[in-house]
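Chain identifiers are assigned alphabetically (A, B, ...) following the order of the sequence lines, protein sequences preceding nucleic acid strands; residue numbering begins at 1 within each chain.
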Amino acid sequence: MSILSKDKRIIYSRKIKGFWEEYSRNKIGLVGLIGLLTFVFMALLAPWLTPYDPLQTTRLAEGFAMPEWVSIFPQYQDLPRTTENDVYWDLLNVSQGSMQLVDALPGRELEVQYNGASEFLKTDVYFTSPTYTYPYQPPYSFNFAFRMTAENVRDVRYNVEIFLISTTGAKWRIWPYRPWSQHVPAGEDKSLLVHSESSDYWLNVAVGLDAGVENLAEETFSEKGDYRLLLHMNFSPEADRASCKIIIEDTRFVIPGLLHGILGTDNVGGDILSQIIYGARISLAIGLLAAAVSTLLGILIGIMAGYMGGVVDEITMRIVDILLCLPVLPLLLALVFLFGKSVWYIVLLIAVFGWQGLSRLVRSLVLSLRETAFIECARASGASRFYIMTKHLVPNVLPVAFASMVLSVPGAILTEASLSFLGFGDPSSPTWGRMLQQAFGFGAFKALAWWWIIPPGLALTGLCLSFVFMGHAVDEVINPRLRMRR
Amino acid sequence: MGMRTYIVKRVAIALAVLFIIASLNFVLFQVVAPIDYVSTIIDPNMTQEQRDMLRREFGLDQEYHIRYITYLKNMFTWNFGLSFANRMPVNRELGWRLPNSILLLGTAQIAIILIGIPLGILAGSRRGSKTDVSVIGSGLFAWGVPTFYIQLLFMLFFCYYLFIWFGWRVPVGNIMSWPPPENPILLIADIAWHLALPVLTLVVASFGGWALYVRNMIIDALTQDYIVTARAKGLKERTVLYRHAFRSTLPPIVTMIAMAVPGIVTGAMITEYIFSLPGIGQWYLSSLMAGDYPVVQAVLFIYAVLMIAANLISDLIYGILDPRIRVGMRR
């Protein structure tokens with residue numbers, strides 16, 4: 001069952017049709033609508049448009065990686081792209097005479113079973129990764145990770161080393177490097193989860209670089225060329241019937257690129273495009289909600305003031321005067337600081353401080369409507385105040401209120417953006433204002449990361465302008481003579 | 001309603017706003033979420049007795065209503081207490097920060113008006129021309145672009161790229177060089193040079209809105225019957241434009257100036273934050289984050305005073321400009 005009678009439904013559908021006909025003739029309005037639809041599309045399809053969750057995903061590339069398309073400029077052509085190698089180990093060499101002692105299973109999960117006796121002094125096993133090509137400029141860093149498990153260790157001293165054969169052909173021992181973990185004690189089961197960065201101080205010291213001046217990644221990849229990893233295992237049995245099993249799994253060698261995606265990365269290697277896409281959700285939600293609530297308040301208070309008149313009118317209009325004199329943003333900041341940074345609370349605050357203009361407008365409309373014949377008729381035929389306000393006044397101020405709502409969305413969006421930019425936004429939601437705050441606070445300027453500074457503001461501007469355009473079009477359609485700008 | 005009632009009413013509202021802001025300050029920072037004043041200025045090793053004594057001395061042991069009255073008295077006599085951060089009177093720091101803010105705010109506001117209004121008149125008198133279209137464009141731009149975004153872009157370009165490309169240094173971060181030049185003319189030039197970029201960004205961000213507003217008013221005025229009459233009298237177009245059309249748009253423009261003050265105040269706050277200018281806005285933000293309530297209260301109060309003053313002045317000018325109020329017709 002519909003709440004509207006059939007006649008009314010027809011009237012309303014005609015009105016809406018007529019409105020759309022007028023509106024669709026307005027070019028600016030259409031541009032605004034298309035803009036808005038784009039952002040709505042972005043907001044709704046965010047999880048499908050981008051694979052990354054903006055708040056969780058970092059280290060997709062080097063921090064401050066440029067957008068990938070800048071490589072059309074020759075000076076950026078050779079910037080490193082992110083290369084991630086899941087290493088497949090191949091058996092290279094087992095020291096002579098030890099073949100029967102070692103049972104090696106190469107692959108992603110490398111497994112070495114050693115069975116030795118004390119008469120064999122040393123057994124060396126070498127594995128190699130495939131040869132990878134590195135066709136770019138030197139990177140800032142690389143990192144590698146693997147899991148090492150030593151099981152059933154009995155009377156044997158074992159040693160595992162990883163080397164990087166760099167593009168220049170030099171051999172760098174990149175693991176182990178910490179002075180206190182040079183040697184794994186004999187006869188001990190061990191499970192290690194290794195994740196190392198080339199910027200690690202001890203690694204630089206261990207390979208003999210001046211940490212802080214020289215950069216290991218730049219040294220090892222100083223030329224374009226081929227590189228590979230080398231795994232060396234060494235077993236020294238200490239008694240007869242020595243044995244152990246070593247498993248190396250999930251070896252991963254990553255060179256974070258200095259080019260990433262469509263909009264590059266932020267300071268921790270997070271994808272900026274996905275932050276922009278997810279930001280549309282918050283901005284749209286906050287803007288529309290705050291505008292809707294403040295419009296509702298504005299209509300209610302305006303109609304009350306205008307139709308009741310007298311003391312109610314006087315009091316509400318003085319309240320409006322007072323609200324217009326309040327320093328809203330500083331006050332909002334204080335309230336947010338004191339009572340928490342939740343999105344809903346911020347919406348409520350923006351709405352509570354945003355209804356004054358509309359209520360004045362509605363009041364003046366109602367003041368003139370009050371004197372018209374049809375209201376007088378309604379009153380004469382015994383309609384109650386409530387009935388007149390809801391059935392006659394509300395429908396008449398609705399078009400104006402709608403235009404005002406559309407025009408008040410940008411204000412709400414920008415207020416939220418300002419709050420977030422000043423660090424008083426909801427910390428759990430990725431908004432455009434927060435992106436700008438982080439860019440401002442985390443060195444985007446010093447890094448000249450224009451790809452981090454420009455897009456959030458453009459998105460804000462685009463969304464706000466969409467609403468401004470639509471608002472002007474709606475304004476023109478509904479009320480060609482009445483200009484309502486603040 | 002004559003001029004006098006009008007003025008009385010406006011002043012009453014101004015006082016009410018001040019009273020409300022002061023009360024809000026009290027409720028928010030001393031009743032809802034207070035920070036113990038004594039604990040911030042006293043060695044934590046002091047005994048409870050000594051603390052109680054100090055609390056008594058500061059009047060913190062009294063009932064809320066008594067404290068409220070003392071508080072109101074202090075606010076209205078410009079006594080904002082000691083800052084938690086440096087234990088100095090808030091007044092003293094306010095004394096040198098407030099002029100900086102007012103300088104920034106005032107210069108920007110005046111520049112915006114001086115650029116925006118003539119542009120608006122020009123665009124309005126040449127409806128449909130290229131000037132008009134660009135004014136509309138810049139007006140919409142002002143609606144949609146956040147001021148702080150323009151400032152960030154300007155900062156990126158002027159303070160970083162210009163330095164990298166050409167080695168030019170645009171000052172940022174203070175109101176004057178240190179030590180300031182001795183020569184007063186050089187000092188003024190120095191301050192102007194330091195304020196140039198912030199003021200420029202504020203102007204760029206908001207002159208368009210003004211121009212658009214004035215343009216619409218002028219266009220509206222130019223379609224009125226009295227303009228036809230004026231033209232029919234054979235007056236020069238210039239006279240028609242300035243003496244008849246523009247004159248009639250003055251009252252709403254004056255209101256607009258008052259209405260723009262909140263925007264400028266908050267804009268100046270963010271500007272001070274971005275360019276680290278030592279004004280009250282930047283002070284407010286850092287104090288708020290540090291929980292330095294006396295400063296927060298003082299600055300909120302000052303902001304209210306600034307806005308009320310602007311409103312009051314514009315209301316008075318409105319009263320003078322609008323003959324209906326001057327002569328005593330109903331508003």
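- Heavy-atom neighbours of Ile28(A) CD1 from other residues, nucleotides or ligands within 6.0 Å: at or below the threshold of 12.
- When heavy atoms are compared at a cutoff of 4.5 Å, Tyr273(B) approaches chain A by way of both its backbone and its side chain.
- Taking the six-membered ring where tryptophan is involved, the planes of Tyr293(B) and Phe84(B) are tilted, since the angle between them lies from 30° to 60°.
- Residue with the most contacts toward chain B among Cys464(A), Ala334(A), Pro330(A): Pro330(A) (heavy-atom pairs, distance under 4.5 Å).
- Interface remark: Leu323(A) contributes no atoms to any contact with chain B (heavy atom separation under 4.5 Å).
- Ring pair Phe467(A)/Phe39(A): centre-to-centre distance not below 6.0 Å.
- Residues Gly116(B) and Trp210(B) approach most closely at CA-CB, 4.2 Å, considering heavy atoms.
- Within the 4.5 angstrom heavy-atom criterion, no atom of Ser466(A) approaches chain B.
- Between the Thr265(A) side chain and the Ala65(A) main chain, a donor and an acceptor come within less than 3.5 Å of each other.
- Listed here is the closest heavy atom pair of Val135(B) and Leu212(B): CG1-N, 4.0 Å.
- For Leu331(A), the parts lying near chain B are the backbone and the side chain together; criterion is any non-hydrogen pair under 4.5 Å.
- Looking at Ile322(A), the atoms closer than 4.5 Å to chain B (heavy atoms on both sides) sit in the backbone and in the side chain alike.
- Note: Leu152(B) leads Leu152(B), Asn311(B), Ile308(B), Leu300(B) in heavy-atom pairs under 4.5 Å with chain A.
- For chain B, the nearby part of Phe337(A) is the side chain; its heavy atoms alone come within less than 4.5 Å.
- Using a 30° and 60° split on the angle between ring planes, Tyr345(A) and Phe339(A) fall in the perpendicular class, above 60°.
- If you tally non-hydrogen atom pairs under 4.5 Å between each of Phe29(B), Phe148(B), Phe141(B) and chain A, the highest count goes to Phe148(B).
- Shown here for Leu202(B) and Ile112(B), the closest heavy-atom pair between the two residues is O-CD1, 3.9 Å.
- Salt-bridge formation is detected for the pair Arg360(A)/Asp321(A): a Lys NZ or Arg NE/NH1/NH2 atom is positioned less than 4.0 Å from an Asp or Glu carboxylate oxygen.
- Ring geometry for Tyr161(B) against Trp165(B) counts as tilted: the plane angle lies between 30° and 60°, on a 0 to 90° scale.
- Contacts between Phe421(A) and chain B at a heavy-atom distance below 4.5 Å involve backbone atoms as well as side-chain atoms.
- If you measure heavy-atom distances from Leu306(B) to chain A, you find no contacts under 4.5 Å at all.
- The part of Ile21(B) that comes within reach of chain A is its side chain, from C-beta onward, which places non-hydrogen atoms under 4.5 angstrom from that chain.
- Of all the listed residues (Leu329(A), Leu463(A), Val328(A), Thr461(A)), the one sharing the greatest number of non-hydrogen pairs under 4.5 Å with chain B is Thr461(A).
- When side chains are defined from C-beta on, Gln297(B) does not count as touching Phe301(B), because their heavy atoms never get closer than 4.5 Å.
- Residue Leu458(A) touches chain B through both its backbone and its side chain, counting heavy-atom pairs closer than 4.5 Å.
- Contacts of Leu288(B) with chain A are made by both backbone and side-chain atoms, with heavy-atom separations under 4.5 Å.
- Note on Ile274(B), Val299(B), Val296(B): by heavy-atom pairs under 4.5 Å with chain A, the leading option is Ile274(B).
- Put simply, of Leu460(A), Leu333(A), Leu448(A), the one with the most heavy-atom pairs under 4.5 Å next to chain B is Leu448(A).
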